[in-house]
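Working notes, beginning with the structure itself.
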Amino acid sequence: MLAGLRLISAALLPLALTVDAGLIRRDAVPVTIPFARRLNFTGTAKLIELDQARAKTLKARANSGFKQTAVFDAPATNQAVDYTTTVGVGNPPQNFTLLIDTGSSNTWVGAQLLTNPFLPNTSGFTGNLVSVTYGSGFFIGQEFTDTVHLGGLAIENQSFGGALVSEGFDDVDGIIGIGPADLTCGTLIPAVNDCIPTVTDNAFSQGLIPAHEIGISFEPTSSLDNTNGELTFGGVDTSKFTGPLNFVPITSTSPANEFVGIDQSITFGSTDGPTVLASTAGVTDTGTTLLLLATDAFDTYQNLTGSTLDATTGLLRLTPDQASNLQSLFFHIGDTTLEFTPNAQIWPRALNSAIGGTSDFVYLVVNDLGTLSGEGLDFIDGMTFLERFYYVFDIANSRVGFATTPFTDATTN
Ligand SMILES: *[C@@H]1O[C@H](CO)[C@@H](O)[C@H](O)[C@H]1NC(C)=O
Ligand SMILES: *[C@@H]1O[C@H](CO)[C@@H](O)[C@H](O)[C@H]1NC(C)=O
Ligand SMILES: *[C@@H]1O[C@H](CO)[C@@H](O)[C@H](O)[C@H]1NC(C)=O
Ligand SMILES: *[C@@H]1O[C@H](CO)[C@@H](O)[C@H](O)[C@H]1NC(C)=O
Ligand SMILES: *[C@@H]1O[C@H](CO)[C@@H](O)[C@H](O)[C@H]1NC(C)=O
C-alpha cells in the first residue's frame, strides 16, 4: 500500500530543543524497554522472499555511496514478521510503534499517515529530506529533530524522519534504526555528506546511559504475538543470560563491516564435524527472520540434513525420521563455539499454518541467502538464530557479544 502524502510547513514548527551540557550525569544506568514479535502472513510474499530481498538490499546499500538511491528491485510487501517497540516523540510524547532494526540506523515515523497524521508540534524541520530503501520497502520524508523517549530515557535533539511517502510498512509507524551510525551517511538530501547520530549515540553523548552499547534479549515463541523481547540501552541485562559474554570484533571484510558484521564458520554434528560454512564474513540482523547461508553452504546443509525444499512455504522440510536424526550446528565465532540445536533449527510447529504450511510438518529456519559465498556478506544470522542467545552490540569497542541463555538448549517446539 502506498501511504498518503503529507507536507508540513516548517514555519509552524518551533526550533529544536538545544542540549544542555549540564545533562551529563554520572549516575546514568542502562535502560531496558520491552519489544514484541508479531507474525502476519496475510501478504502474498513468502518469508524467504522477504528475507532474500533484504539480503540483496543490504549488499546493494553497502555498495552504494548514496544510501537513498540503493537498488529497489523487490516487490514492496508488508513485513511478515515484525519486531517492534514503542517510542515516544516530542513533548508531551506521542507514541509510535517502530520496527527494531540493527541492519539500518535511521529512525523515522509516519508510515501510518491516515491513522496517525500529525507529528508532535515540538518537532522542528531541519530543511533536509531523508530517504532509506529496505528489502521490501522504502520511505522518503522530512528530517526533524525533537526529544525521543525510550522507556525512561528522554533523548534530546534526536534527528528522525517524518515520512511523506512510504511503502511496505502496513502494520507499523516506522523504524528505530540501531545499527552503526555510518549507515545513515548519505541518507539526507541535499546534505548527502552528513551522517546522523542514532538514538544510542545521542543517549550516550548526552550522558543518559553509562555505556555506548545495546543488549538484546528475546526468546523463542510459538504464538503469533508475544512481547518477550528486551532491548537494553547502555548495558546488558545479566538476568537474561547464563554463560559468559564472549565478544568478537566487527569483521574487517566489506560489505559486512558496514553492519553489525562478524566472521564465523559453521560445522555440522560436532565442533569438528563436516564444514557447512567455511570461515567468512556476514551479519547479525534483527530485521531478518531466518538464518540465511550463501547458496553453496545452504546446499551442503541441505545434503547433510537430507531435507527437501518445500514449494508452498519456501522452507526446507524434513521427514519425521530425518527430524529425529537432525544434528546440531556449531557456530565458530572468535574463540567461542555456539551450539544451535536441532530444536532451534526447526520453525515453531505451532506457527506452521501461519506461514501457509502443514501443521505437523517439520520446516527448517536455515535457508538460502541467494548468492554464492565469497562476496563479503555470506550469511545473515537473523532472529531465529539470535533468539537462542543473548546478543550485544558494543558500539564503543566495535564488537559483538554472545552468551548462552536458558533458551539456548530449550525444547520450545
Ligand atoms: C542537533 O542535531 C542535529 C542533527 O543531528 C545536529 O546537526 C545539531 O548540531 C544538534 N544540535 C545541538 C544543539 O546539539
Ligand atoms: C496484517 O497485515 C495486513 C496488511 O498486510 C493488515 O491489513 C492487517 O490488519 C494485519 N493484521 C494484524 C492482526 O495486524
Ligand atoms: C506511551 O508508551 C509508554 C511506554 O509503553 C507508556 O508508558 C505511555 O503510557 C504511553 N503514552 C501514551 C500517551 O499512550
Ligand atoms: C502542542 O500540542 C500539545 C498537545 O500535544 C498542546 O498541549 C500544546 O498546547 C501545543 N502547543 C502549541 C504551541 O500548539
Ligand atoms: C549434494 O548432493 C548431490 C547429490 O549427491 C551432489 O551432486 C552435490 O554435489 C552435493 N552438493 C553439496 C554442496 O554437497
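Worth knowing before you read on, the calculation uses all heavy atoms, side chains too, and leaves out hydrogens, waters and symmetry mates. Read the numbers this way: they start at 1 and go in the same order the structure lists the ligands and their atoms.
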(message) As a test of the contact definition, would atom 11 (N) of ligand 5 count as having a protein heavy-atom neighbour under 4.0 Å?
(response) yes

(request) State whether D51 and K56 are salt-bridged, where the test is any N-O pair (Lys NZ or Arg NE/NH1/NH2 against Asp/Glu carboxylate O) under 4.0 Å. (result) no

(request) Write out the residue and atom name of the closest protein heavy atom to atom 9 (O) of ligand 4, then the distance separating them to 0.1 Å. (result) N121 ND2, 4.8 Å

(request) Establish, yes or no, whether the cationic atom of R399 lies under 6.0 Å from the six-membered ring centre of F247 and within 45° of the ring axis. (result) yes

(message) Are F139 and F169 an aromatic pair, judged by ring center distance below 6.0 Å?
(response) no

(message) Does the plane of the ring in F331 sit parallel, tilted or perpendicular to the ring in F340? Use 30° and 60° as the thresholds.
(response) perpendicular

(message) Does anything in residues 355-369 form a side-chain hydrogen bond (donor to acceptor under 3.5 Å, both in side chains)? List the pairs, not counting sequence neighbours.
(response) T295-D368

(request) Give the residue, atom name and distance (to 0.1 Å) of the protein heavy atom nearest atom 13 (C) of ligand 5. (result) T300 OG1, 3.5 Å

(request) Measure from atom 7 (O) of ligand 3 to the protein's non-hydrogen atoms and state whether any distance is below 4.0 Å. (result) no

(request) Please indicate whether any nitrogen or oxygen in N95 is less than 3.5 Å from any nitrogen or oxygen in ligand 3. (result) yes

(request) Say whether N303, considering both its backbone and side-chain N or O atoms, lies within less than 3.5 Å of an N or O atom on ligand 5. (result) yes

(request) Specify the protein heavy atom at minimum distance from atom 4 (C) of ligand 3: its residue, its atom name, and the distance to 0.1 Å. (result) T86 CG2, 4.4 Å

(message) Protein heavy atoms near atom 2 (O) of ligand 5, is at least one of them under 4.0 angstrom away?
(response) yes

(message) I'd like to know if E339 and R388 make a salt bridge, using a cut-off of under 4.0 Å between side-chain N and carboxylate O.
(response) no

